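One structure is given here, and the rest of the page talks about it.
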Protein chains: 2
Amino acid sequence: MSIARRWSNPDIMKTKETGQMSRPTVHDVARVAKVSLSTVDRVLNGRDGVRATTQERVRAAMKQLGYERDLMAANLSRKRIYDIHFVIPDGPNSFMRNLAAELETHARIALRDRTEITVSLVPPFDGRALAAALRRAKEAGVDGVVMVATESAEVRQAVSELRAAGIQVVTLISDLSASARAHFVGIDNVSAGRTAAGLLGRFCADRRGRIAIVAGSMLVRDHVERRLGFEQVMHAEFPDLDLLPPIEGGDEAARVEALLSDVLRKHDDIIGIYSLGGGNRGLRGALDRAGAVPRPMVVVHELTDQSRVALQDGVFDAVLQQDIHREVASALVIIRSLIEAVPIDARTGLVHIEIFLRDNLP
Amino acid sequence: MSIARRWSNPDIMKTKETGQMSRPTVHDVARVAKVSLSTVDRVLNGRDGVRATTQERVRAAMKQLGYERDLMAANLSRKRIYDIHFVIPDGPNSFMRNLAAELETHARIALRDRTEITVSLVPPFDGRALAAALRRAKEAGVDGVVMVATESAEVRQAVSELRAAGIQVVTLISDLSASARAHFVGIDNVSAGRTAAGLLGRFCADRRGRIAIVAGSMLVRDHVERRLGFEQVMHAEFPDLDLLPPIEGGDEAARVEALLSDVLRKHDDIIGIYSLGGGNRGLRGALDRAGAVPRPMVVVHELTDQSRVALQDGVFDAVLQQDIHREVASALVIIRSLIEAVPIDARTGLVHIEIFLRDNLP
DNA sequence: TTGAAAGCGCTAACAT
DNA sequence: ATGTTAGCGCTTTCAA
């Protein structure tokens, strides 16, 4: 079987000799609607100064011909350059460092797609600083903003202002609830938490004991959601396991190590640990110091040099990971589509979570 | 911190008044090299009829200016349409059916990127038919071919011919070893097998017994590789588990059910099953009929209506899945890049494998 | 071997 | 309210 799809509308057949057809252009529309190019352009771009009846004629011609604007030609003509600004946390952890590096790479290749990328780094977990950065982007008059969100009323307000100024906003990795952001690009964090629980629960088999949770901050939505998903499944499917309240380590190794060491000292029956944020070097440090036997099962997020080694050493059992490179690429595609009001495939934003065991390390 | 990147080569500053810079064009190159546009174009596109010394001048100018050709403008001018042909197996299983549906979707959206998609369906596991389809594509003069490969000398030969004819070939989902294909898009199947083993091994905990493997056909490389990875990890990390030789069910539910029922009857100590191909409806049928207690742990590939329900029912324990939509999208990006000789980011082709437990079903 | 000029599909400045 | 015309950056006749 063979499926072929070509333009097959007789109205637009141009080269009768060859039988070749090509997709309709503004010229075809103008001809059929009996108006000039400019009028077609006005209708096409929603500019005013066109009588309603004429508009109707043009629209009818477009529909009849199945006209679809050639975005590349349009961009060439108007010399459009998409000005996209990223606002990301200046975190001390390797995850955010990695993200910044990703942006460097993308900045280079995005140029080929008429996209210019700029970046601001802001202090992590700081809504005020984030909102300020957003306002600066607005003043700069960029076309779109991609940001790693921190929950805060100020930030929500700034996003609304951007939106009102016609600037598209996409959240990346961590979403902003009840906000005007047009799209979120990242993993489904509730699902990530559920996955972690599904794995950790099964790994702990029939043992009984406590589970420790290590988070970065409950001010970022991804951490809140991971915790939520984790607790959902733990309560529903592994009720024999006792969940300790989360430790907030600020994604910093030193704090994580101090706080977790404390907890491990207090409880000698911790059989599982879920770390849903950064600072896993500290997590490992605490585990090594405690030296519990049998060692607890450990599920963490983000594959870094640290966590990879820990996986190989059998200290960590599973690492959940999101592909930042792909996320940034998706964010760019999506924000350009938003700017051009092109329909967006729902699947574009959802990045799948990867699970690494020591057996499938890349 | 804020990073901004703009063109900043004084040679190409055009509007001195505004201080605005723009990237260099063929005109700039022509001016600097003191030749005409056509000559620049000839050099740019490797056409002959240009004296060596002139060529050198032009190239020097390009380098000096940091010229990079605007692909969109070029495509507009030459009215280029990428003619991409997909060859996929006409399998009876939902996986391939799904793939065909994906292509329908992509055909529609690819038009916007000057890409026209055609599809042929060929009998599965049939190298001869596949090779014939490839030859037909060559005769049709397409720009690129994307295919789900079956291992066969004939196919390898046909791929070489396509390559020789200047037609790019990309393999999708299942690769073709020792062939001239330019790229593979799909999951790392060895890694998928290893992952399956890592999970199944841990799920089987300390139990002893046999593990059954259900494959489609050892003629497709993805199945061979999954088996390889699976056995690697099983032998290395879970030596207490005995692997039975793989059943080849041809990805068909009926055959899988018959063959597996047989095996389950022969062995009453099967504690784990890994199904690395299609036909999982048959797998479930066999399990239901056998009704072993305790039920074996089951890891399968491809999330379908069947496997989703089985997961929810607790009959399957994990489903490994590849995102076909994304794979097709990647294949399109890659083959276009190959056709235009644009550098390809190595990560573009690698699609990550997803793992579903009942806890994280989407 | 080289160059001048027209045109791809669309937009925008400048007429009417 | 509508039309004419000159580009955007590149390719492609057709001349020289």
Side-chain angles (χ1 to χ4, degrees), chain A residues 7 12 14-15 20-59 61-62 65-82 111-114 340-342, chain B residues 7 12 14-15 20-58 61-62 65-82 111-114 340 342:
Chain A
W7 286 94
I12 57 166
K14 278 180 161 174
T15 48
Q20 268 283 341
M21 306 172 201
S22 57
R23 54 190 270 190
T25 73
V26 275
H27 288 92
D28 299 308
V29 176
R31 187 164 37 72
V32 170
K34 298 193 209 309
V35 295
S36 74
L37 283 187
S38 348
T39 301
V40 174
D41 184 68
R42 286 180 189 114
V43 174
L44 193 57
N45 294 291
R47 287 186 264 273
D48 49 342
V50 183
R51 233 186 339 198
T53 62
T54 322
Q55 274 193 42
E56 212 25 74
R57 277 227 311 291
V58 174
R59 257 186 255 287
M62 288 179 173
L65 295 172
Y67 173 81
E68 261 193 282
R69 155 226 242 112
D70 182 333
L71 229 197
M72 297 183 186
N75 282 341
L76 172 61
S77 169
R78 56 168 95 147
K79 300 205 261 184
R80 198 192 207 318
I81 287 183
Y82 299 98
L111 274 179
R112 281 199 276 268
D113 295 330
R114 308 190 122 72
E340 294 296 354
V342 168
Chain B
W7 287 94
I12 57 167
K14 280 181 159 174
T15 48
Q20 268 284 340
M21 305 173 201
S22 58
R23 51 191 273 188
T25 73
V26 275
H27 288 92
D28 299 307
V29 176
R31 187 164 37 73
V32 171
K34 296 194 209 311
V35 295
S36 75
L37 283 186
S38 343
T39 301
V40 174
D41 183 70
R42 287 183 187 110
V43 175
L44 193 57
N45 293 291
R47 285 185 264 273
D48 51 341
V50 183
R51 232 185 339 197
T53 62
T54 321
Q55 273 193 46
E56 213 24 74
R57 277 226 312 291
V58 173
M62 288 180 174
L65 294 171
Y67 173 81
E68 261 194 283
R69 158 227 239 107
D70 182 332
L71 228 197
M72 297 183 187
N75 282 342
L76 172 61
S77 169
R78 56 167 92 145
K79 301 205 262 180
R80 196 191 208 318
I81 287 183
Y82 300 97
L111 274 179
R112 280 199 276 269
D113 294 331
R114 309 189 120 72
E340 295 295 354
V342 168

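What you see is a predicted model, and the numbers here were worked out from it, not measured in a lab. Here is how names work: the chains are called A, B, and so on, in the same order as the sequence lines, proteins then strands, and each is numbered from 1.
Taking only side-chain atoms of A:Asp70, from C-beta outward, the nucleotide of D:dT11, C:dC10, D:dC10 with the closest atom is C:dC10. Checked against D:dC10, D:dC8, C:dG3, the side chain of B:Val35 finds its nearest nucleotide in C:dG3. Minimum atom distance to the side chain of B:Arg78 is reached by D:dT12, of the listed D:dC10, D:dT12, C:dA12. Checked against C:dG9, C:dT11, D:dT2, the side chain of A:Val50 finds its nearest nucleotide in D:dT2. If you check D:dC8, C:dG3, D:dT11 against the side chain of B:Thr39, the one that comes closest is C:dG3. Listed nucleotides: C:dG7, C:dT11, D:dC8. Nearest to the side chain of A:Lys79: D:dC8.
Within 4.0 Å (heavy atoms only), A:Leu44 reaches sugar-phosphate atoms of the nucleic acid but no base atom. Counting non-hydrogen atoms under 4.0 angstrom, B:Val40 reaches nothing in the nucleic acid.
Using a 4.0 Å cut-off, no side-chain N or O of B:Arg47 falls inside it from OP1 or OP2 of D:dT11. At the phosphate of D:dT4, neither OP1 nor OP2 sits under 4.0 Å from any side-chain N or O atom of A:Ser36. Neither OP1 nor OP2 of C:dT11 sits under 4.0 Å from any side-chain N or O of A:Ser38. Residue B:Thr54 places at least one side-chain N or O under 4.0 Å from the OP1 or OP2 atom of C:dT2. For A:Arg23, no side-chain nitrogen or oxygen approaches OP1 or OP2 of C:dG9 to under 4.0 Å. For the pair A:Asn75 and D:dC8, the criterion of a side-chain N or O lying under 4.0 Å from OP1 or OP2 is not met.
Here the straight-line distance linking atom CG of B:Asp70 with atom CE of A:Met72 works out to 10.0 Å at 0.5 Å rounding.
One atom, CD of A:Glu68, and another, C1' of C:dG9, lie 14 Å apart when rounded to the nearest Å. Between B:Met72 atom CE and D:dC10 atom P the separation is 13 Å, expressed in whole Å. As rounded to whole Å, 14 Å separates atom C1' of D:dT13 from atom CG of B:Leu37. In this structure, the NZ atom of B:Lys34 is 16 Å from the C1' atom of C:dG3, given to the nearest Å. As rounded to whole Å, 13 Å separates atom P of C:dT2 from atom CD of B:Glu56. With rounding to whole Å, A:Arg80 atom CZ is found 12 Å from C:dT11 atom P. Rounded to whole Å, atom C1' of D:dG9 lies 13 Å from atom CE of B:Met62. Spacing between atom CZ of B:Arg31 and atom P of D:dG9 amounts to 12 Å, rounded to whole angstrom units.
Side-chain N or O atoms of A:Arg42 include none that pairs as donor or acceptor with a backbone N or O of A:Arg47 at under 3.5 Å. Distance alone, capped at 3.5 Å, places no donor-acceptor pair between the B:Asp41 side chain and the B:Leu37 backbone.
Applying the 3.5 Å distance criterion, the base of C:dT2 shares no donor-acceptor pair with the side chain of B:Arg51. Checked by distance alone, B:Arg42 brings a side-chain donor or acceptor within 3.5 Å of a matching partner on the base of C:dG3.
Among B:Leu44, B:Asp28, B:Val40, the single residue meeting the side chain to side chain contact (heavy atoms under 4.5 Å, CB included) criterion with B:Tyr67 is B:Leu44.
In summary, A:Glu68 and A:Arg23 do not engage in a salt bridge, as defined by a charged side-chain N under 4.0 Å from a carboxylate O.
Mapped onto DNA chain C by nearest heavy atom, B:Gln55 and A:Asp41 fall at different nucleotides, with B:Gln55 at the one closer to the 5' end.
Of all heavy-atom pairs between A:Arg69 and A:Ala74, the closest is NE-CB, 4.0 Å.
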